[in-house]
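Reviewing the structure listed below.
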Amino acid sequence: MATLSYITSDIQAAVREKYGHELDVNDIILSPTKKEFEGDYTFVVFPLVKVLKFSPAQIAEELGQCIKANSRFVEDYNVVKGFLNLQLNQAFWQQCFEELSDEKFGQAGRNGKKMMVEFSSPNTNKPLHLGHIRNILLGWSVAQIAETRGYEVVKTQVINDRGIAVCKSMMAWKLFSGGATPESKGMKGDHFVGDYYVKFDKALQKEYAEWQDSGEADAQYDARHKDEESREGFFKRFKNDYFNLYSPIGRETKEMLLKWEEGDEETVALWKKMNNWVYSGFDKTYEALGVHFDSINYESETYLLGKESVNKGLSDGIFYRQEDGSVWVDLEDVGMDKKILLRSDGTSVYMTQDIGTAQMRYEEHAMDSMVYVVGNEQDYHFKVLFEILKRLGEPYADRLYHLSYGMVDLPSGKMKSREGTVVDADDLIKEVIDEARIASKERGAVSHLEAYKQEDIFRKIGLAALKYFIIKVNARKRMVFDPKESVDMQGTTGPYIQNAFVRIQSVLRKASQAEAVDMEGSNIYIYNEAEKELISQMIGFPEVLDEALRQYDPSHIANYAYGLAKSFHRFYHDHVIYDPENPDQSASRLELVKRISLIIEKAMSTLGIEMPDYM
RNA sequence: GGCCCCGUAGCUCAGCUGGAUAGAGCAACUGACUUCUAAUCAGUAGGUCGCACGUUCGAAUCGUGCCGGGGUCACCA
């Protein structure tokens, strides 16, 4: 039982005794008392006023008296308006401290539930970029948090390895590569393939520009442009139609897609070769970010799924067929639209595939819940998907969650591939580590270590800066990524938190070398205000984890870890931790800061951020 | 236009299911290192919480309507 819940029980008992009223413990909110008032925890009595029909001050006063008389932990109280401030005794803090001494503090027991988390889910025509990093960090963190709180977690991604976009890279490679490979060019495979995707677009663009001078182009413009639409604006909009209707290279690419779908040997071989290049590139990026997956779905294996369910839904009358043969679902009764599920030629669409994939996953993993980490531009898609799965009667349908996160903008505005402003993941990772190396060498605090250990520290610091910068922002919100700020190591940053950890390791090393403190046989030590505040913060950790999980939002943990590190830094500044002259105090404080470092390490590890021992 | 998300200090962000005088960091200025790591700490300055109503003992938080920004409304994924 968490120590703090003794206090809520005391309040509950006092309300029962004084007023004969039964309060639900969940309705009792205890918050840390604001600094400007006396006390440790505050209970707000206003909500009771209506029920009990006494003045707030009177209720607070009577409850305070009663609690003080009966609680083994409350030594005094004071009342300010409707706020009952409770002062807790040393026994309380001692008990909290024992609670913290549990090796597994924060870690919940297995709850027997399985959660599946889908994140990253890239296309194989481009390397990963900053947006993927946010996605990956969110997915990974949610998975870690869930695991910490007792879930069995399956981390998964669905790789978009097929379709017209992939064929574009393949076509460009066929046309322009002269047989080059990532090896021959000394390139990471995903970047290599990505370059051909860009080459394709350039070739198409060139072709398109020439076509625009043709009579057919004039005819199209005359026939289809909107009022007051410029030629330039029209042709920008028309590009996709050009690709489908006129482009020779477009026609060839579409033929390639058809060949792929028919299983043409040569096409499939090229496709495999190029995708494997991409995967080896992705693997390096994932490894650099410290993430991995338990299961991977390839779209090439799932894109035909879902048709059976749609047909079943059709015969059950959940869906309907139009004259042209296409199948639809009508969701207008719940405020959504009609949505197509099978094209008139019987082929499936994205939604169909997602239905099938969900079912396949359930058959395979029997998960209790499923989280999709996907950007908020797909909010509507998931609303519809979940509604359809519900109508199909899928047993897990009400335990699906779309973790919808905001786009990442640059200080200059949106990232645009056409303008070359997309921030590449690998470049970014390298940059933050380089920056950490420079800053660290300037300080010189790790120069005594071997070179490879130093490099490992630079890596940890750089990645901490990057990851923390992204994960500290509420997932739902659109965020601005300033490359300059992302390598900052002062203030609300990953390295600031790492520094608290490192300082603690440093003190612990010093104390253990001195061996002057008997950690076991120490007397009871009376905590000062700063120490109480630290303990109070620490015992809040499990609740923070639960809240982050409930909201699927790791930023709560990021903020919590910062708050704890900040309190520690102040404590460290104001108080001597290891003092050979004062063994009882030293023993207590050493144990205290050790617990802090464990919580910081645990909290940050749920965010995918590692702690160095030196920095 | 319909629906969804966002709007808090110059900038980037916190602020839990409504609770005391709205908080951090960055940037600016001032101070603190012969002492456990100064990637630190302490201080100064900076706000009609987009606007207006409403609900409430109490609203940054809940509701409605505006304003501003973004997204989405394809037989694309």
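Quick note: numbers below take in every heavy atom, side chains included, and nothing from hydrogens, waters or symmetry partners. Proteins come first, then strands; the chains are lettered A, B, ... in the order of their sequence lines, and each starts at number 1.
Side chain of A:K414, nearest nucleotide from B:A20, B:C36, B:G71: B:G71. If you check B:C26, B:A38, B:C41 against the side chain of A:Q490, the one that comes closest is B:C26. When the nucleotides B:A20, B:C41, B:C13 are ranked by their closest atom to the side chain of A:V480, B:C13 comes out on top.
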Practice task
Let me have a per-nucleotide readout for nucleotides 1-8 of chain B, 5' to 3', with B, S or -, counting only protein heavy atoms under 4.0 Å.
Solution key: ---SSSS-

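Stacking annotation: A:F83 is not stacked on the base of B:G19 (requires ring centroids less than 5.5 angstrom apart and an interplanar angle below 30 degrees).
RNA chain B lies under 4.0 Å from no heavy atom of any residue of residues 118-128 of chain A.
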Exercise for the section: For the pair A:T253 and A:F200, evaluate side chain to side chain contact (heavy atoms under 4.5 Å, CB included) and give the outcome as yes or no after the intermediate values. Expected result: CA-CA 10 Å; A:T253 307; A:F200 180 93; 3.3 Å; yes

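Across all strands, A:V576 comes closer than 4.0 Å to base atoms (heavy-atom distances).
Between the side chain of A:R134 and the backbone N or O of A:G406, at least one donor-acceptor pair lies under 3.5 Å. Without hydrogens or angle criteria, A:T606 side chain to A:A603 main chain gives a donor-acceptor distance under 3.5 Å. Between the side chain of A:N376 and the backbone N or O of A:D379 there is no donor-acceptor pair closer than 3.5 Å. The main-chain N or O of A:F119 is never found under 3.5 Å from a side-chain atom of A:N135 such that the two would form a donor-acceptor pair.
As rounded to the nearest Å, B:G43 and B:G25 have C1' atoms that lie 16 Å from one another. The gap from the P atom of B:U64 to that of B:G23 amounts to 29 Å, rounded to the nearest Å.
A cation-pi contact, defined as under 6.0 Å to the ring centre and within 45° of the axis, is absent between A:R509 and A:Y578.
Residue A:A436 comes nearest to A:G462 through the heavy atom pair CB-N, 3.6 Å, listed as atom of the first residue, atom of the second, then distance.
B:C33: no Watson-Crick or G-U partner with both key distances under 3.5 Å is found in any strand.
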